[in-house]
Amino acid sequence: MAEKNLDYKRAGVDIAKGNLFVKKIKEVVGRSKKNPCCIGGIGSFSGLFSFDTKRYDEPVLVSSTD
């Protein structure tokens, strides 16, 4: 029978630990070389990258998050 009171933590997802991890790596990632086409910062479930598509014949931008 399914657990009625299942929450993220009991399912194995620790949101507090995830947030702490992002906080700790922000400084390290912030020191890396930044591309002027990158929009935003670390911590979201997506990335934004603005580039001039007219400069490329068949531009392909692939992004993934897990």
Asks: Mind checking the CG-CD1 spacing from D7 to I15? Nearest 0.5 Å is all I need.
Replies: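 Interatomic distance, D7 CG to I15 CD1, rounded to 0.5 Å: 9.0 Å.
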Asks: Nearest 0.5 angstrom please: C37 SG to F51 CZ, how far?
Replies: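 It is 8.5 Å, given to the nearest 0.5 Å.
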Asks: To check you understand the geometry: which heavy-atom pair defines the closest contact between L6 and A11, and what is its length?
Replies: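 For L6 versus A11, the nearest heavy atoms are CD1-N, 4.1 Å.
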Asks: Are Y56 and F49 joined in one hydrophobic group, where the rule is that I, L, V, M, F, W and Y side chains link up if heavy atoms are under 4.5 Å apart?
Replies: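 Yes; tracing contacts between hydrophobic side chains, which count when under 4.5 Å, links both residues.
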Asks: Could you tell me which residues satisfy salt bridge (charged side-chain N to carboxylate O under 4.0 Å, His left out) with K9, sequence neighbours excluded, listed by chain and number?
Replies: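 In terms of salt bridge (charged side-chain N to carboxylate O under 4.0 Å, His left out), with neighbours along the sequence ignored, K9 is linked to D14.
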